[in-house]
Each structure stands twice: as C-alpha cells, then as structure tokens.
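Presented below is the structure to which this report refers.
Every chain is numbered from 1, with letters handed out A, B, ... down the list of sequences. Note: hydrogens, waters and symmetry copies are ignored here, and every other heavy atom, side chains too, is used. All values reported here derive from a predicted model rather than from experimental measurement.
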Amino acid sequence: MNNLIRELKWRGMIQDIMPGTEEQLNKEMTTAYVGFDPTADSLHIGSLVPILLLVHLQKAGHKPIALVGGATGMVGDPSGKSEERNMLSLDELQKNITGVRNQLARFLDFSPERTNAAELLNNYDWFSPISFLDFIRDVGKHITVNYMMAKDSVKKRLESENGMSFTEFSYQLVQGYDFYWLHQNWNCKMQMGGSDQWGNIVTGTELIRRKNGGEAFAFTCPLIKKSDGGKFGKTEKGNIWLDPSKTSPFQFYQFWLNASDTDAESWIKIFTFLDETFIETLIAEHRQNPSARLVQKKLAEELTRFVHGQEELDKSIETTQKLFSTSTVSATELSVDDLQNMEGIVKSSFDISRLETGIDILTFLSETKVFESKGAARKMIQNGGVSINRNKVTDPNSLSEKNWLLHGRFVLVQVGKKNYFLIECD
RNA sequence: GGGCAGUUACCAGAGUGGCCAAAUGGGGCGGACUGUAAAUCCGCUGUCUUUCGACUUCGGUGGUUCGAAUCCACCACUGCCCA
C-alpha cells in the first residue's frame with residue numbers, strides 16, 4: 001500500500017484535508033467515496049479530477065465507491081452557485097443517471113475477485129424509502145440550523161439578493177446523510193471531492209460523529225482553473241464532455257493540446273499517472289524548447305487514451321497531423337483518403353455544375369452551411385477568416401473557380417485556424 | 001396579506017419621449033504577432049442584405065403620442081422587508 005496522500009500532494013491534488021486522514025489510510029484498507037451529480041447525461045472533464053482521485057485510491061489499495069446522486073440531483077447543490085437552479089424533470093434525471101453511471105463504470109476496476117473492487121451506487125436507493133418526517137426526525141435533529149447557516153455556500157446565498165430555497169438549503173443534510181449511510185452500510189470512512197464540496201462533506205462527518213460517535217475522514221482537491229482566469233473545460237463549443245458523441249475524441253485531444261504552457265505543467269501532474277521523475281524531466285525539456293509543446297502533447301495523449309482508448313487516440317493524432325503539421329503544405333497534396341477520413345471536420349455537399357459555372361462565393365458558403373447567411377460569410381471574409389484549400393479568400397465578391405476542386409470533387413473550406421469544412425461536389 | 005424594489009441583447013449592466021439596434025464591461029468569434037501557447041493590439045458580435053437599406057427586439061397585453069425601452073393601465077414573474 002503506497003502512500004496515497006504523499007502521491008496526491010506532489011501532484012497538487014489536495015486542497016483541504018481532515019486531520020488523521022493520512023494515518024487512517026496508512027493503517028488499513030479504507031473505503032472512500034466520491035459523489036457525482038447527474039446534472040447532464042454525460043460527465044465533462046471537470047469531473048475527471050474526482051474520478052482520478054478514485055482511481056488513485058484504488059491503485060493505492062483502497063476501496064473506491066462512485067456514487068451517482070439520483071437523490072441529491074433532485075435537490076440541487078447550492079455550492080458555488082449564485083442563484084437557485086432549475087429543477088430537472090424526472091425523465092431527464094433518469095436519463096442523466098444512466099449516462100453518468102455508464103461512464104463511471106469505465107474508469108474503475110469492478111472485478112469481484114479484488115478485495116478492493118470498486119462499487120457503483122445510487123443514493124436514490126436508500127433515500128426513496130425514507131419519508132420526510134423520518135428524515136427531519138432522524139437526521140435534521142442532529143444538526144442545528146446555526147451550523148448549516150455558517151456554511152460558505154449558504155452564507156453567500158443568504159447575503160445575495162436572490163435568496164435560497166429551503167430545498168437547496170437542505171442539500172447539505174441530504175449529502176451528509178449519504179456519508180452517514182455509507183459509513184453504516186459499507187464501512188465507508190472517507191469522502192473526497194472538489195474543494196467546493198468541503199462544506200457538504202464536513203456536514204457528513206459531523207452527522208456520523210453526532211449520531212453514533214463514529215470517525216470519518218475527508219480531503220478535497222482544488223478546483224481546476226486556467227491561468228488566465230477563464231473557466232476550465234469550456235471552449236467555443238461549450239463544455240468538453242467525456243461522451244464521444246458530444247465531444248469527439250479529436251476535439252478532446254485538441255483541447256488538451258491547446259493548453260497554455262503554465263496550465264499544461266500543472267495539468268499533466270493532475271490528469272496523468274506518469275511518475276514524478278518522468279514529469280519533471282519532461283517539463284525541464286519543455287522549458288528548453290517550449291515551441292515543441294512536449295508537455296501538451298503528452299498530456300493530450302495520456303488523457304485521450306485514458307478516456308477514449310488507444311484507437312481513438314491514434315486517429316486523433318493522425319487527423320491533427322494532417323490538419324496542422326502539414327498546414328504549410330498545399331491542400332492539393334492531401335489524398336482522397338486523407339480528406340474523407342479526417343475526423344472533426346464538418347462535411348456537406350454541393351452541386352458540381354453550379355460550382356464549375358462560377359458561383360459567387362457568398363452563395364456557396366451559405367448554401368453549404370459553412371455560414372448561416374451571406375451576411376455572416378461576408379463579414380468573416382472581410383475579417384480575413386476564410387480560406388479555401390488553404391488559400392485565404394480576400395474578396396467577398398469573387399466567384400468560384402474550377403480549380404478549386406481537389407481530386408475533381410472536394411473543396412476544403414477553413415474558418416479561422418481550427419474549423420474545417422469539407423464540401424463534396426457531384 | 002401589507003410595504004418597497006425590480007424585469008433591457010449570451011451574462012452583468014447603463015439608458016427614463018425622437019440623436020436607440022440601444023453606452024460600458026465580460027464572454028464569444030475572426031485577424032495580426034507566435035508555437036494550433038500566454039500576454040498584447042485590431043475588427044466583428046439582433047436578423048436579412050452587393051457597407052444603401054429593410055425587418056424584429058428592452059417581462060406580457062392594451063393605451064397616450066406625429067414618435068415609446070422610456071409615459072399610463074392592467075397582468076405575470078422575481079427579490080427584499082414586515083405580518
């Protein structure tokens with residue numbers, strides 16, 4: 001059993017830790033859990049850190065429990081939210097629970113022959129039989145409102161103009177009860193999560209202590225931020241999801257590849273399992289020659305493999321090379337195969353005869369759905385953001401030309417540096 | 001139930017009869033510089049359109065007016081305080 005806490009510390013994955021946690025982990029195989037809220041039908045990369053905590057835990061010989069919040073999801077966690085959230089419909093919630101469950105199941109080892117096999121639980125299972133009256137008698141009685149109001153997540157909302165509903169106020173009790181229940185039924189002594197969960201987690205340990213004098217431990221990991229202060233995990237296209245149908249493996253790979261130098265250095269420690277010496281050496285090399293972006297490449301590689309598998313990683317690298325490494329090479333050198341098999345490209349079709357006769361470029365771009373309208377296409381061309389076959393279009397009034405056609409039928413349109421469209425003409 | 005404040009574009013937030021498609025900031029998108037970075041600078045950001053112009057927007061409905069985001073009436077919703 002290696003020292004989990006020391007390992008996580010050098011990776012920068014520990015924010016707060018309860019006294020005695022390290023001793024507990026060193027003493028015996030410990031069961032620990034992380035909760036995941038089913039706010040969407042897929043997890044996004046923000047949930048990756050808590051997932052990794054569970055994986056590290058299991059690697060260190062302890063028993064991980066991944067908890068899907070079927071019950072807590074019905075209440076809504078106020079932590080870090082400046083206003084009351086909309087409630088999800090039960091249908092949506094059910095769909096989300098299934099989606100999240102399936103994803104979590106991929107990252108942990110559930111083989112029953114392991115003594116520390118992972119478990120996947122849904123807190124709805126133990127909450128549904130509890131009546132409201134039972135709950136406020138058995139749980140509510142142990143925690144004072146004064147205690148609950150002192151929590152940061154609550155205090156902030158009480159001070160804001162928006163207020164807070166009783167539902168969200170109760171959230172910490174609901175989550176606290178999870179910990180208590182797991183402590184009773186699974187001998188779960190530890191909870192982990194993002195640092196925004198600290199308040200909720202502490203309510204849980206408090207409940208365990210007050211209800212039956214039990215001992216419980218916890219630590220949290222820092223919330224990931226970008227060095228420029230932007231939100232982590234968001235891009236122009238929105239969230240980076242783990243579900244390949246929402247964020248393609250290529251886009252996923254690209255996200256990590258585009259990390260800034262400072263971010264990449266801390267992220268590679270957090271998001272990969274590479275060991276300390278390897279990472280230190282890599283960072284040193286990277287600083288010698290930052291333009292090679294060794295850290296970003298390794299980070300993108302490790303993570304894409306972890307989430308999507310080797311095969312998808314290979315495809316993503318291949319597409320990346322075709323789209324970016326050869327960007328100085330003219331488009332005519334791309335083979336039919338290259339064009340057709342590149343991932344992360346939007347494809348559409350167009351009537352070849354109209355193109356050959358010479359059609360104005362605005363009509364072409366709007367009808368192929370590269371742009372919503374001629375006006376939008378015009379603006380972007382005037383801004384210098386459109387290329388055809390890697391040649392910048394300068395005049396919005398120009399006409400199409402026969403020699404646009406690659407291999408007699410393809411046109412490669414580029415908006416900005418990173419958005420590619422392949423128009424097949426026949 | 002009573003009193004007060006409010007509802008403006010993706011978000012925050014100005015505007016309180018015409019100069020308003022609506023300040024400013026953030027975000028987003030594009031460009032330059034670079035390394036598919038960061039920082040910086042520049043452009044775009046209601047819709048459609050050959051920059052003319054047309055059309056639709058300021059919680060909803062109706063009204064006053066030559067003219068309404070702005071004034072009036074009613075309705076809806078939100079927050080705060082009191083009961």
Quiz prompt | Between C1' of A37(B) and CG of Asp263(A), the distance in whole Å | solution = 10 Å
Quiz prompt | Positive for ring pair (Phe, Tyr, Trp, His ring centres under 6.0 Å) with His44(A), one of Phe255(A), Phe36(A), Trp241(A) | solution = Trp241(A)
Quiz item: Regarding Asn289(A) and Glu285(A), is there a side-chain donor-to-acceptor distance under 3.5 Å anywhere?
Solution: no
Exercise. Between Gln296(A) and Gly385(A), name the one whose nearest nucleotide on RNA chain B is closer to the 5' end.
Key: Gly385(A)
Quiz prompt | A83(B) to G15(B) separation - C1' atoms, rounded to the nearest Å | solution = 37 Å
Practice problem: Under a 3.5 Å limit for both distances, which nucleotide forms a Watson-Crick or G-U wobble pair with G17(B), could you say? | Solution: none
Practice problem: Determine the interatomic distance between P on G60(B) and the same-named atom on A76(B); round to the nearest Å. | Solution: 15 Å
Practice problem: Look at the side chain of Lys322(A) and the base of U36(B), then say whether one donor and one acceptor between them are separated by less than 3.5 Å. | Solution: no
Quiz item: Whom does U65(B) pair with, Watson-Crick or G-U wobble, provided both distances fall under 3.5 Å?
Solution: none
Quiz item: Lys392(A) near the nucleic acid: base, sugar-phosphate alone, or nothing, with a heavy-atom cut-off under 4.0 Å?
Solution: sugar-phosphate
Exercise. Check the distance between U50(B)'s P and Ile359(A)'s CD1 and give it to me in whole angstrom.
Key: 13 Å
Quiz item: Can you check the Lys417(A) NZ to G30(B) P distance for me, whole Å?
Solution: 9 Å
Quiz item: Tell me: CG of Asn419(A) to P of G31(B), nearest whole Å?
Solution: 9 Å
Exercise. Answer with yes or no whether Gln254(A) presents, from its side chain, a donor or acceptor under 3.5 Å of a partner atom in the base of U36(B).
Key: yes
Quiz item: Asn289(A) has an atom CG; how far is it from atom P of G35(B), in whole Å?
Solution: 10 Å
Quiz item: C1' atom, C52(B) versus U57(B): distance in rounded Å?
Solution: 22 Å
Practice problem: Would you mind reading off the distance between Asn383(A) atom CG and C41(B) atom C1', rounded to a whole angstrom? | Solution: 15 Å
Quiz prompt | G-U wobble or Watson-Crick pairing nucleotide for G1(B) (cut-off 3.5 Å, both distances) | solution = C82(B)
Exercise. Take the protein atom CD1 of Ile268(A) and the nucleotide atom C1' of A37(B), then report the distance between them rounded to whole Å.
Key: 15 Å
Self-check item: Nucleotide G35(B), atom P - distance to CG of Leu323(A) in whole Å
Solution: 19 Å
Quiz item: Given A37(B), is OP1 or OP2 found less than 4.0 Å from the side-chain N or O atoms of Ser291(A)?
Solution: no
Quiz item: 5'-most contact on RNA chain B: Val386(A) or Leu257(A), nearest heavy atom basis?
Solution: Val386(A)
Quiz item: What is the pairing partner of U40(B), taking Watson-Crick or G-U wobble pairs with both distances under 3.5 Å in any strand?
Solution: A32(B)
Exercise. Please determine if Arg210(A) forms a cation-pi arrangement with Tyr147(A), meaning its NZ or CZ atom is less than 6.0 Å from the six-membered ring centre and no more than 45° off the ring axis.
Key: yes
Practice problem: Would you mind telling me which of U50(B), A37(B), G35(B) lies closest to the side-chain atoms of Lys374(A)? | Solution: U50(B)
Quiz item: Under a 3.5 Å cut-off for both distances, is G59(B) Watson-Crick or wobble paired, and to whom?
Solution: C75(B)
Quiz item: Base, sugar-phosphate alone, or nothing: which one does Ala264(A) contact when heavy atoms must sit under 4.0 Å apart?
Solution: nothing
Self-check item: Touch class at under 4.0 angstrom, heavy-atom based, for Asn397(A) against every strand present
Solution: nothing
Practice problem: Identify the two heavy atoms, one from Phe252(A) and one from Ile45(A), that lie closest to each other, and give their separation to 0.1 Å. | Solution: CE1-CG2, 3.5 Å
Quiz item: Among the nucleotides G35(B), U50(B), C44(B), which one has an atom lying closest to any side-chain atom of Lys379(A)?
Solution: C44(B)
Quiz item: What are the two closest non-hydrogen atoms of Gly61(A) and Asn116(A), and how far apart are they?
Solution: C-ND2, 3.4 Å
Quiz item: Say you pick atom C1' in A73(B) and the same atom in G2(B); how far apart are they, in whole Å?
Solution: 22 Å
Exercise. Check step by step if side chain to side chain contact (heavy atoms under 4.5 Å, CB included) holds for Arg101(A) and Asn122(A).
Key: CA-CA 9 Å; Arg101(A) 271 189 84 102; Asn122(A) 181 349; 4.0 Å; yes
Quiz item: Is any side-chain N or O of Thr262(A) closer than 4.0 Å to OP1 or OP2 of A38(B)?
Solution: no
Quiz item: When the C1' atoms of G25(B) and U16(B) are considered, how many whole Å apart are they?
Solution: 22 Å
Quiz item: Between C33(B) and A38(B), how far is it from one C1' atom to the other, in whole Å?
Solution: 12 Å
Quiz item: Of the non-hydrogen atoms in Ile381(A) and Ile361(A), which two are nearest, and what is the gap between them?
Solution: CD1-CG2, 4.1 Å
Quiz prompt | Rounded distance in Å between the C1' positions of A37(B) and G46(B) | solution = 34 Å
Quiz item: What is the pairing partner of U70(B), taking Watson-Crick or G-U wobble pairs with both distances under 3.5 Å in any strand?
Solution: none
Quiz item: What interatomic distance, in whole Å, is found between P of G26(B) and the corresponding atom of C20(B)?
Solution: 23 Å
